[in-house]
Amino acid sequence: MPVISPPIAVETDRPRTGQGGGGVHPPAYGGGGDNGPGDGSNDYVRRLNRARLSLVLALTSISVLFVTFTVVFVLRHASVVLDRHSGTYVHEWVRVTLPVRLLLVNTFVLLMSSLSIELARRSVRREMALAPLRGIPGIALDSGRGTPWIATTVVLGLMFLAGQWVAWEVLRAHGFHIDSGGSSPFVYLLTAAHAVHLAGGILVLLYAGVIFLLHRAVEQRRIVVEVASWYWHFMGVLWVYIFALLQFGR
């Protein structure tokens, strides 16, 4: 009696599709171009995380520096010396009359620059979110919307530094020099240290403006602006702290 074997199903090499059965799904990002994400999302996330970690380490070191200045400031404020004539301990702390109005104007300028860099950060973040749509015909995305806000931040930052220089000139005109004793050295030390770190932030913003003008990849622009914006916000908060310390800790 003949034996009939059941048919054997042979699986052919067919391309696998997504779970929804709608065909092979394209990758989330494109493969190159000056304006579109071309390095892959995983590489972008790694670079962004490294940049954020470097920023955290830098801000930590700056914070430690200014905490050290604060501790020395408080100790000097509370220190006493022996008066040879009276034989008693007296405070040698000399109060400095700050140009408060001018410093308030400088503070306002710096806070406005913090607002402008935040607008630049949000602009490039929006461009990053819309980057996958760039390859669709008929859709044109503006890749330079953050440039004016970066330029505005640079101008306001330079105005702040110029205002700080004017404040130093006012202090010197009233006889408060860096070697006058009391709180005078701390006024110059704290404001100068802050100005140097702010100038470093301006250099980063100039670099950001250059890569915007060169229409570099949106990932690179996003990373630079992201780091620069949070660094700039930190500089704003740090200045408010320094101003309060010098004004109320005299």
Closest non-hydrogen atom pair between [X] and [Y], with its separation:
X: Leu198; Y: Gly157; value: CD2-O, 4.2 Å
X: Phe66; Y: His194; value: CZ-N, 3.8 Å
X: Ala120; Y: Ile150; value: CB-CG1, 3.9 Å
X: Trp168; Y: Tyr188; value: O-OH, 3.7 Å
X: Ile223; Y: Ala51; value: CG2-CB, 3.7 Å
X: Leu110; Y: Gly236; value: CD2-CA, 3.8 Å

Please examine the side chains of [Y] and [X], heavy atoms only from C-beta on, and report whether any two atoms are closer than 4.5 Å.
X: Phe160; Y: Met235; value: no
X: Ile117; Y: Thr152; value: no
X: Arg50; Y: Leu53; value: no
X: Leu158; Y: Val154; value: yes
X: Leu103; Y: Gln164; value: yes
X: Phe176; Y: Val187; value: no
X: Val96; Y: Leu98; value: yes
X: Leu48; Y: Val227; value: no

Problem - In one Ile/Leu/Val/Met/Phe/Trp/Tyr side-chain cluster, 4.5 Å: Val204, Val56 - result: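 Different hydrophobic clusters.
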Practice task
Indicate if Leu111 and Val237 have the same hydrophobic cluster label, given that clusters are the connected sets of ILVMFWY residues with side-chain heavy-atom separations under 4.5 angstrom.
Solution key: no
Completion exercise
Applying salt bridge (Lys or Arg N to Asp or Glu O under 4.0 Å) to Glu118 and not counting sequence neighbours gives Arg121, Arg122
Exercise for the section: Could you tell me whether a side-chain N or O of Ser116 sits under 3.5 Å from a main-chain N or O of Ser113, the two making a donor and an acceptor? Expected result: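 Yes, because the side chain of Ser116 sits within donor-acceptor range (under 3.5 Å) of the backbone of Ser113.
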Separation between [atom1] of [X] and [atom2] of [Y], rounded to the nearest 0.5 Å:
X: Leu190; Y: Leu65; atom1: CG; atom2: CG; value: 9.0 Å
X: Leu214; Y: Gln220; atom1: CG; atom2: CD; value: 9.0 Å
X: Leu205; Y: Trp149; atom1: CG; atom2: CH2; value: 14.5 Å
X: Met112; Y: Thr107; atom1: CE; atom2: OG1; value: 11.5 Å

Exercise for the section: Would you check if the distance from the ring center of Tyr231 to the ring center of Phe234 is below 6.0 Å? Expected result: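 No, the ring centres sit 6.0 Å or more apart.
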Practice task
Look at the rings of Trp239 and Phe243 and say which category their plane angle falls in: under 30° parallel, 30 to 60° tilted, over 60° perpendicular.
Solution key: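 Ring orientation, 0 to 90° scale: parallel.
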Exercise for the section: Show the numbers, then the answer: is there a side chain to side chain contact (heavy atoms under 4.5 Å, CB included) between Phe212 and Val224? Expected result: CA-CA 10 Å; Phe212 265 79; Val224 174; over 6 Å; no
Exercise for the section: Apply side chain to side chain contact (heavy atoms under 4.5 Å, CB included) to Thr70 and list each qualifying residue two or more places apart in sequence or on a separate chain. Expected result: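 For Thr70 the side chain to side chain contact (heavy atoms under 4.5 Å, CB included) partners, ignoring immediate neighbours, are Val74, Tyr241, Leu245.
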Problem - Trp232 vs Thr153, side-chain hydrogen bond (donor to acceptor under 3.5 Å, both in side chains): CA-CA, chis, key distance, verdict - result: CA-CA 9 Å; Trp232 199 265; Thr153 306; 5.8 Å; no
Problem - Stepwise side chain to side chain contact (heavy atoms under 4.5 Å, CB included) test for Thr97 and His174 - result: CA-CA 9 Å; Thr97 303; His174 287 81; over 6 Å; no
Practice task
Under the salt bridge (charged side-chain N to carboxylate O under 4.0 Å, His left out) rule, what do Glu169 and Arg172 come out as? Steps first, then yes or no, please.
Solution key: CA-CA 5 Å; Glu169 291 295 328; Arg172 285 193 286 266; 2.4 Å; yes
Exercise for the section: Carefully, step by step, assess Arg46 and Asp43 under the rule side chain to side chain contact (heavy atoms under 4.5 Å, CB included). Expected result: CA-CA 5 Å; Arg46 286 195 298 268; Asp43 182 64; 3.6 Å; yes
Exercise for the section: For the residue pair Trp230 and Glu226, confirm or rule out a side-chain donor-acceptor distance under 3.5 Å. Expected result: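 The answer is yes; a qualifying pair exists.
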